[in-house]
Amino acid sequence: MTTNTKNNVSTKTSSLPPTNITKLNELIRLLINHAADNHSYRTFLSEIQKLLTPSSSNSLPIYSSPFSHFQLLESISTIKIVLTLPISQPSSELYHHSLGYYLLLLSLHTHKLFVEQILKDVHKLKKHIEYWKHNQKTPISSLIHQITTTYFFDKETDDILASEKLKYLKNYEFKWMNSIGKLCYSISTLNNYLSSTSTKNEFIKALDTVEVYTNYLYFLIFDGTLLTLNYQSTKKIIDLINCYEHILLSLPEFHQQLSIKTRLYHQPTHLKRYWAYYTFGTLTSLYLIYKLYSKQKEIINQFYSTFDSFKFFMSEHLFIPLKAIYESTFHSKSSQAIFENTQKNYQNSKIILEQMIEQYGIEHSKQLSHIEHVDIDQFLTTLHERAVNEDMNVVMKYYQYELDQPIRSALFGDLIKGILIQVQKVKVDGESLAIQIDQLMKQNQINFSLLATIPAFLLITFLTITTKNTIVNRVIKRRKFDYTIILKQIIRKLRHIEQLLIFNTELSTKNLQQPLSTTMNYNNNLINIDEEDLNNSTAIDQSIIIVDNTTTNDVFQMNNLTFGQLLCLIYELKFYTVQLRSTRLLSNEINEDVNLLTNTTLTIKQKLLLIKQIFHSYSFLSK
């Protein structure tokens with residue numbers, strides 16, 4: 001059992017990024033050595049490895065945790081069982097460090113869970129802000145809107161002006177954007193402590209930082225309440241773990257309270273906004289039902305007529321052509337027999353015509369040789385060949401001669417015979433032409449049948465593509481919006497992020513000569529930053545200082561509110577990029593690139609270059 005535990009731990013440790021070959025790795029090695037004969041260390045080892053994830057991975061953004069709050073609560077319950085066990089004196093320092101690093105990991109994931117949930121709430125809040133922003137209309141339009149949305153009377157919400165609702169929601173949004181920025185900087189600092197080669201003093205400093213961050217998180221969740229902790233170091237860590245358990249248990253209620261606080265300022269319900277349309281639609285539907293009922297016979301006849309037309313269309317353009325193709329390909333024996341009979345009739349008629357011409361030439365050889373100015377023997381020599389070639393000059397020249405005396409020739413001559421030979425010639429030519437047409441039709445029968453099926457296949461193709469796109473987008477890939485809408489929103493959000501970064505660069509450049517400005521103009525919205533909030537904010541770690549590499553020794557920083565707004569925009573961008581779900585569009589790669597934008601160690605210039613790289617790497621964004 002001990003060997004298996006060591007193998008599992010070594011496998012997990014090898015999956016860490018190179019930056020994590022640190023004090024934490026040394027702690028894990030010590031825990032492996034003591035895990036065999038100590039249940040407490042074995043539990044610490046298991047829980048630390050469970051919560052340890054590569055902080056530099058691009059699979060998740062900075063604010064996202066792979067654990068749910070139920071999993072974290074389960075982990076805390078496991079650790080609290082260990083806390084009830086006695087501490088082994090020779091390894092009390094290892095016990096204390098294990099507890100401290102577990103607290104760092106627990107704090108990291110709790111912060112991530114809280115930030116991700118706040119981002120969801122701010123994202124939902126934006127639709128209410130957009131609604132009230134677009135409903136600041138002329139007095140008449142506002143009056144109409146007021147009448148249509150107060151049918152279901154709610155005095156508490158209806159008495160608040162739209163401008164006041166918009167102002168409240170925007171202030172509320174800015175407040176949480178500022179908190180999101182500060183909390184994500186805290187997450188970055190915690191990541192740095194986990195990946196550092198810290199000394200004992202730095203480890204104590206890390207625990208003190210966790211205490212500060214926990215106080216701020218507790219302050220946000222419990223409306224200004226601060227923590228009271230034991231002075232003793234180990235007891236303080238235990239109190240902090242209990243505090244995180246309390247925070248995780250209170251998260252669902254906290255988010256419910258957030259919704260209650262903003263309920264009065266939400267946009268009207270769907271029914272309140274569209275009750276007039278639903279009323280008009282219901283009345284129109286009732287009128288249409290009445291008209292349909294009064295004219296049901298005509299409608300039924302029209303239905304049957306439409307059905308018969310559709311049936312005729314499918315029969316003429318699909319079933320009959322396909323049947324013809326099938327029969328001409330696999331069952332052509334009957335048509336072949338008819339064709340052979342036609343050829344035999346033609347050959348018989350041709351032989352009869354040849355005999356008739358030859359016999360006619362022999363009977364009138366003397367006259368015909370005289371007409372053609374040749375000897376009789378020479379004429380008879382070529383007569384058979386001319387008969388085979390169906391040379392009608394043999395008949396027509398003497399026939400022309402007999403027409404000079406039509407009555408005498410009809411009674412005593414061969415005028416009638418000449419006419420019959422010409423009729424036979426017409427018959428032979430007609431049969432020859434019919435055979436040629438049959439051959440042409442037979443050769444092109446499949447082509448004609450395929451041409452006849454084109455309208456039906458176009459209709460079937462259109463219906464198939466529409467059905468396939470609907471099933472793929474809505475059922476298989478679970479896209480909430482149409483593909484084109486998703487692409488437009490991705491481009492729009494990337495543009496907003498790029499604008500925010502550019503404005504922040506300009507703001508930072510001005511700060512080389514003057515203090516940080518407390519107002520920034522972005523997307524026609526004024527973002528106000530309280531001087532007091534900036535002055536009283538917690539000191540920012542060096543990892544979140546943004547450095548412009550184009551200059552020398554110039555250090556810029558992105559304030560909490562701006563960074564919070566950046567993260568909100570990235571969250572909205574991720575809302576659409578995760579819906580791509582297509583290997584052809586490289587959806588995994590674009591999500592990893594978007595996650596990099598949340599990295600606090602990247603400079604503004606690097607993030608701007610990353611956005612440009614996203615645009616030129618994914619061709620569907622540049623169409």
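Atoms considered below: every heavy atom in the structure, side chains included; atoms not considered: hydrogens, waters and symmetry mates.
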Do Asp121 and Trp176 come close enough that some side-chain heavy atom pair is under 4.5 Å? no
Output yes when a side-chain donor or acceptor of Ser294 lies under 3.5 Å from a complementary backbone atom of Lys291, and no otherwise. yes
Taking the side chain as every heavy atom from C-beta outward, state whether Leu113 and Phe67 have any atom pair closer than 4.5 Å. no
Going by distance alone, is a donor N or O of one side chain under 3.5 Å from an acceptor N or O of the other, for Asn599 and Lys607? no
Neighbour count >12 (heavy atoms, 6.0 Å) for atom CD, Glu74: no
Checking the side chain of Thr461 only, and the main-chain atoms of Phe457 only, is there a donor and an acceptor separated by less than 3.5 Å? yes
Taking atom types as modelled, is there a side-chain donor on Thr262 or His266 under 3.5 Å from an acceptor on the other? yes
Is a donor on one side and an acceptor on the other found under 3.5 Å between the side chain of Gln424 and the backbone of Ser349? yes
Donor-acceptor contact below 3.5 Å, side chain Ser305 vs main chain Asn301: no
Is the NZ or CZ atom of Lys493 positioned over Tyr576's six-membered ring, under 6.0 angstrom from the centre and within 45° of the axis? no
Can you tell me if CD on Glu298 sees more than 12 non-hydrogen neighbours from other groups inside 6.0 Å? yes
Taking Lys167 first and then Glu164, would you say they form a salt bridge - that is, a charged N and a carboxylate O separated by under 4.0 Å? no
Whether Ser75 side chain and Gln71 backbone form a donor-acceptor pair below 3.5 Å: no
Partners meeting ring pair (Phe, Tyr, Trp, His ring centres under 6.0 Å) with Tyr244 (sequence neighbours left out): none
Could you check whether any side-chain N or O of Thr598 sits under 3.5 Å from a backbone N or O of Ile62, counting only pairs where one atom can act as donor and the other as acceptor? yes
Those residues at least two apart in sequence (or on a different chain) that pass ring pair (Phe, Tyr, Trp, His ring centres under 6.0 Å) with His246 are Phe222
Check whether the ring centres of Tyr265 and Tyr172 lie less than 6.0 Å apart, and answer yes or no. no
Heavy-atom neighbours of Phe615 CZ exceed 12 at 6.0 Å: yes
